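So the structure is just underneath, and the comments pick up after that.
Residue numbering restarts at 1 for every chain, and letters A, B, ... go by the order of the sequence lines. Keep in mind that what you see is a predicted model, and the values were worked out from it rather than measured.
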There are 2 protein chains.
Amino acid sequence: MSDIARLAGVSPMTVSRVVNGDARVREATREKVEKVIRETGYVPDPAARILARAGGGRIGLLYANPSNAYLAEVLSGALEGARSVGLLLLIEPSRAGAPDEEREAVRRLAAGGAQGVIVPPPLGESDATLDAIAKTGMKAVVLAAPALRDGLISLRVDDYGAAHEMMRHLLDLGHRGVGFVEGRRDQSATPDRRHGAQVAVDAVTGATMWAEAGDFTYRSGFEAGQRLLARTPRPTAIFASNDDMAAGVLAAVHAAGLSTPGDISVAGFDDTYLAASVWPTLTTIRQPVAEMARAAAVILGRGGEEDGPVPHEFIARESTASPSD
Amino acid sequence: MSDIARLAGVSPMTVSRVVNGDARVREATREKVEKVIRETGYVPDPAARILARAGGGRIGLLYANPSNAYLAEVLSGALEGARSVGLLLLIEPSRAGAPDEEREAVRRLAAGGAQGVIVPPPLGESDATLDAIAKTGMKAVVLAAPALRDGLISLRVDDYGAAHEMMRHLLDLGHRGVGFVEGRRDQSATPDRRHGAQVAVDAVTGATMWAEAGDFTYRSGFEAGQRLLARTPRPTAIFASNDDMAAGVLAAVHAAGLSTPGDISVAGFDDTYLAASVWPTLTTIRQPVAEMARAAAVILGRGGEEDGPVPHEFIARESTASPSD
DNA sequence: CTAAAAGATGTTAGCGCTAACACGTCCGAG
DNA sequence: CTCGGACGTGTTAGCGCTAACATCTTTTAG
């Protein structure tokens, strides 16, 4: 860094300011420094930055295995958000369902000097993690989960509204008997989604919704799909509360010798990688996960308190159509 | 750290020695210090360690979106491996297929002081990434890909052997007409797996293998499955060269009104999350991805040169059985 | 045209740790 | 004994950067 400073004819501190996007640097100076940086290919040393900020400027990202499908997006978003506000991202593996490990992960982040922590699902609804965070006094942003404790900031889509919208879509297509596959009972999005779907159905005379239990896995979707297809009258559409289960429902439909969307429309929720790769591709609700993670990093950095629902997006694909009769 | 030193009645340097397992510390002193560390829950600041070690002690992990399913495992493994040898892990998003971004990601790591880099698929077979790495002089360990350049260390399972073993399993069950779904042509595991399967088939008189193209996606598996099922005589088993495609094949089997494994056995490869979540669960080959990533970090840290195939594991689940006739 | 405010840059100190060397203290060989 | 070395521990300096404050320069108001 001092080399850069010398080459640009300024002090190291000014270089630091330029690198960190400090506003109080004259345009001419900034350009001079940036030019030298570009020419030399200088990149600041992350370790030194962390150290110098000692206690400040770091945030943590917890992650647990089950959030598999999200991880790449969460990571990218958080990394980018952290970079944009000049924060360092400490990444720490945790393990949902193993309270000791969850606590240890939080403790590590705190020991690492994180002032804030991003908590993706399913950790955001885990008492062990939440309590440990509260104890350290770190700020926390939970993703896709409600703010279960005071002081928590929640970034999530409006599950109720999104489910309502999806069910509305199915009803508008003309479906009157619709199956619904619920998610895990211990996640608060589950009742929200079901409720949204139910309210949409109740608003249409002659429409009925049959709900079946599920646990967000492909397999549970497959089984719930089989149960729904065995009903008389048979539903003409099935709305599963996540994509994995919707894929399972799709398999059940095919296994029953029926086609999608010809005989049965199928809808999912989340817009994970799976939604666009199964056949037919799934009509679903997109949660802007990367965007949420980026926002979380920015909130933790700037100390902002932006709460409230994140906008979701209805994604129409091939798996829904009007009933054939 | 100085707190620990004070509490234990020693100098900070001695604490450092204890933390780093330096041999020249009297047993009594070590115990005293360790006791204090345990009681206080002290965790050394990785950033400061790295910094003090002047430039050394950092490795990078590149990741590209498509490696979605692997990411969580690769990350956990790499993080743990890095921690175990006291390295700082720099994580850098890249984008396979965008040469400029790939080069930029590598450049960033090099500038960040990484002396080595872990390259998960599909970046390990990308010229842009590989050339950029060579230019920086960093050591590199590629995961699940061959060492396409001199000096590269490759950590991969024996694709040929594993495919041979899986096909052998199907033949042993009594299958004689077996479908095979290939992966993307630009990944070297593809011919290896096909070849392994082919050789196993050739060793059994009366056995035949029909290969279909695929590109590792669920959808391509579904389509290849449909083509294979349309053949006469129809295969009694289908071996797809990854789990996503195997799941697609499963869907095709069900769509054709057939059952698995009753009518058609299906086998996958990789043992991703999907393999255990579809119904029926997939017989597949497990690649110890987390283990490989951990090993990569350790190799880069210790400067070891351990090469050679990583042991894979044959996982028998529900999707394969003897043919019904 | 001057003084004070505002803006831009420099200086000093230190983040938490570890190399490198300096300093005891105890040992056994001569 | 007495000296060289082995051993255990402390001291000093500095890794590359940034907070906080100090200083210098420009602007603005009267």
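B:L62 is listed as a side-chain neighbour of B:L109, based on a closest heavy-atom distance under 4.5 Å.
Between the P atom of C:dT18 and the CG atom of B:L51 lies a distance of 11 Å, rounded to the nearest Å. As a whole-Å value, the separation of B:Y42 OH from C:dG16 P is 10 Å. One atom, CZ of A:R58, and another, C1' of C:dC15, lie 9 Å apart when rounded to the nearest Å. One interatomic measurement links the two molecules: CZ of B:R49 to C1' of D:dG16, which rounds to 18 Å at whole-angstrom precision. In this structure, the CZ atom of B:R17 is 10 Å from the C1' atom of C:dA20, given to the nearest Å. Atom CZ in A:R6 sits roughly 13 Å away from atom P in D:dC17 (whole-Å rounding). D:dG16 atom C1' lies 13 Å from atom CD1 of A:I4, rounded to whole Å.
A salt bridge does not link B:D100 with B:R107: none of the charged nitrogens is closer than 4.0 Å to a carboxylate oxygen. Using a 4.0 Å cut-off between a side-chain N of Lys or Arg and a carboxylate O of Asp or Glu, B:E39 and B:K35 qualify as a salt bridge. One finds no salt bridge joining A:E80 and A:R83 here, because no Lys/Arg side-chain nitrogen approaches an Asp/Glu carboxylate oxygen to under 4.0 Å. A salt bridge does not link B:R103 to B:D131: none of the charged side-chain nitrogens sits closer than 4.0 Å to a carboxylate oxygen.
Nucleic acid contact class of A:P44 (heavy atoms, under 4.0 Å, all strands): sugar-phosphate only. At a threshold of 4.0 angstrom between heavy atoms, the contacts of A:S11 include nucleobase atoms, whether or not backbone atoms are also involved. Nucleic acid contact class of B:V19 (heavy atoms, under 4.0 Å, all strands): none.
Across C:dG10, C:dT9, D:dC17, the shortest atom-to-atom separation from the side chain of A:M13 is found for C:dG10. In this structure, of C:dG16, C:dG10, D:dC17, it is C:dG10 that holds the atom nearest to the side chain of A:V10. Taking only side-chain atoms of A:D45, from C-beta outward, the nucleotide of C:dT9, D:dC17, C:dT18 with the closest atom is D:dC17. The side chain of A:M1 lies closest to D:dT18 when the candidates are D:dT18, C:dG10, C:dC17.
At the phosphate of C:dG16, neither OP1 nor OP2 sits under 4.0 Å from any side-chain N or O atom of B:S2. Put simply, A:S16 has a side-chain N or O that comes within less than 4.0 Å of OP1 or OP2 on D:dT18.
Both B:A48 and B:V25 lie near DNA chain D, and the one whose nearest nucleotide falls closer to the 5' end is B:V25.
Shortest non-hydrogen contact noted between A:A5 and A:S11 is CB-C, 3.7 Å.
Using modelled atom types and a 3.5 Å distance limit, the side chains of B:T129 and B:E102 yield a donor-acceptor pair.
Residues from residues 26-35 of chain A with heavy atoms under 4.0 angstrom of DNA chain C, sorted by number: A:R26, A:T29.
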